[in-house]
Undergrad: 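Dropping the structure in here first, questions after.
One-based numbering along the sequence shown.
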Amino acid sequence: MRWMIAVALLSLVGCKQQSSEPQQQPAGSPPAAARKLTIGFSQVGAESAWRTAETKSIRGEAEKRGVELKFSDAQGKQANQINAISSFIAQKVDAIVLAPVVETGWEPVLTQAKEANIPVILVDRGIKVSDESLYTTLIASDFVEEGKMAAEWLAKKTNGKARIFELQGTTGAAPAIDRKKGFEAALKNYPEMTIVKSQSADFTRAKGKEVMEAFIKSDRENIQAVYAHNDDMALGAIQALEEAGMNPGKDVTLISIDGVKGAFEAMIAGKLNATVECNPLMGATVFDTVAKVRAGEKVPKFIQSKDQLFEQSTAAQVISSREY
Ligand code: GYE
């Protein structure tokens, strides 16, 4: 009889232990394993086809993995990104993904993220901070390399002789700074290649057209080559050249960066001469990296995307396999 009571009591304790577990969770929060991962993504905006492809890749991958993605479009303004990050911190997200519009000015808000123990993964553009521990890693291309590739290609195409007009990306943005730096560094070996004029067109097609129109007005006879920091600006410049009765791709050699579908179409039409691909399809790498960081694994400070140059000669063959 005694042992029967003991067994009954033990099994009661067992039950109690089991059923008491969920009660240890604060009211309203499901057990950790069942809880969705929540990630805040502060995106620059939608200024280019490249960026739209990047947003689609990150959103699509979040959906595939059942991650709750809080998406914030900064419309090209750093102040909006700082607000978005503050709000992600207040909402206690598990990680922050940031595509920073410009390189500087991030210390205060990233210090807040660090104090809240929220890892910050930078995507596609780097930042300049005094304390590198303010972000976990950067997933991006090497923009200096891209600029060099563009210059070397142009040097070959023009036999080392060209008067170049440059359309820069957003002022203060890493890809604008580094694509210029790499291009100029490579030009040092070609004394007869000179940048005649260089101006920002903010990575957009509309501004690319506008700035090119101004270049045509002041320097029409002088324009032999155009180097645009992204395809969208080159596509705008092509429009301006055509409207001015000039022959882009023939009288004027154009090279740009990104490798978006529109660039391949323009190459097939003979209007753009070459593009350096910069891969925006980083969704899978972003979430793999977040998972590693959360598991306590060490990740490299720079995770580099691979780039390659495409010319008119192969554009028609490869366009159907382009994903963006
Ligand atoms: O090349 C351009 C965009 O940061 C790498 O930003 C990115 C650049 C890309 O708007 O099209």
Undergrad: For N159, which residues count as a side-chain hydrogen bond (donor to acceptor under 3.5 Å, both in side chains) partner, sequence neighbours excluded?
TA: none
Undergrad: Set out, in order, the CA-CA distance, both residues' side-chain angles and the distance that settles side chain to side chain contact (heavy atoms under 4.5 Å, CB included) for L187 and I164, then state yes or no.
TA: CA-CA 11 Å; L187 285 199; I164 306 158; 4.0 Å; yes
Undergrad: Checking Q224 now: which residues fulfil side-chain contact (heavy atoms from CB on, under 4.5 Å) with it, not counting sequence neighbours?
TA: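 Q224: side-chain contact (heavy atoms from CB on, under 4.5 Å) contacts with A162, R163.
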Undergrad: Hey, could you give me each pair passing side chain to side chain donor-acceptor pair (under 3.5 Å) that has a residue in residues 66-78? Not counting sequence neighbours.
TA: E68-K70, K70-Q91
Undergrad: Run the salt bridge (Lys or Arg N to Asp or Glu O under 4.0 Å) test against E243 and tell me which residues pass, sequence neighbours left out.
TA: K209
Undergrad: Which residues pass the side-chain contact (heavy atoms from CB on, under 4.5 Å) test with K207, sequence neighbours left out?
TA: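 side-chain contact (heavy atoms from CB on, under 4.5 Å) check on K207 returns A201, D202, T204.
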Undergrad: Among residues two or more places apart or on two chains, list those pairs meeting side chain to side chain donor-acceptor pair (under 3.5 Å) that have a residue in residues 261-273.
TA: E242-K271
Undergrad: Which pair of non-hydrogen atoms, one from P119 and one from N117, has the smallest distance, and what is that distance?
TA: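 Closest heavy-atom pair between P119 and N117: CD-O, 3.6 Å.
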Undergrad: Going by salt bridge (Lys or Arg N to Asp or Glu O under 4.0 Å), name the pairs with one or both residues in residues 135-149, residues two or more places apart or in two chains.
TA: E146-R179
Undergrad: Please identify each residue that fulfils side-chain hydrogen bond (donor to acceptor under 3.5 Å, both in side chains) with T289, with sequence neighbours left out.
TA: none
Undergrad: With sequence neighbours excluded, tell me which residues meet side-chain contact (heavy atoms from CB on, under 4.5 Å) with T171.
TA: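 Only S200 meet the side-chain contact (heavy atoms from CB on, under 4.5 Å) criterion with T171.
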Undergrad: Going by the rule side-chain contact (heavy atoms from CB on, under 4.5 Å), which residues pair with N83 if we only count those two or more places apart in sequence or in a different chain?
TA: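 Listed in chain order: nothing, the list is empty.
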Undergrad: Tell me, please, which residues at least two apart from S133 pass side-chain hydrogen bond (donor to acceptor under 3.5 Å, both in side chains).
TA: K114, D131
Undergrad: Could you give me the CA-CA distance, side-chain angles and deciding distance for N222 and F165, then say whether side chain to side chain contact (heavy atoms under 4.5 Å, CB included) is met?
TA: CA-CA 9 Å; N222 236 342; F165 287 72; 4.2 Å; yes
Undergrad: Please find the pair of heavy atoms, one from D307 and one from C278, that lie closest to each other, and give the distance.
TA: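 In terms of heavy atoms, the two residues are closest at OD1-CA, 3.4 Å.
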Undergrad: Under the rule for side-chain hydrogen bond (donor to acceptor under 3.5 Å, both in side chains), what residues qualify as partners of T55, not counting sequence neighbours?
TA: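 T55 satisfies side-chain hydrogen bond (donor to acceptor under 3.5 Å, both in side chains) with Q43 only.
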Undergrad: Could you tell me whether the side chain of Q81 and the main chain of A99 form a donor-acceptor pair under 3.5 Å?
TA: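 Flag set: sc Q81 to bb A99 pair under 3.5 Å.
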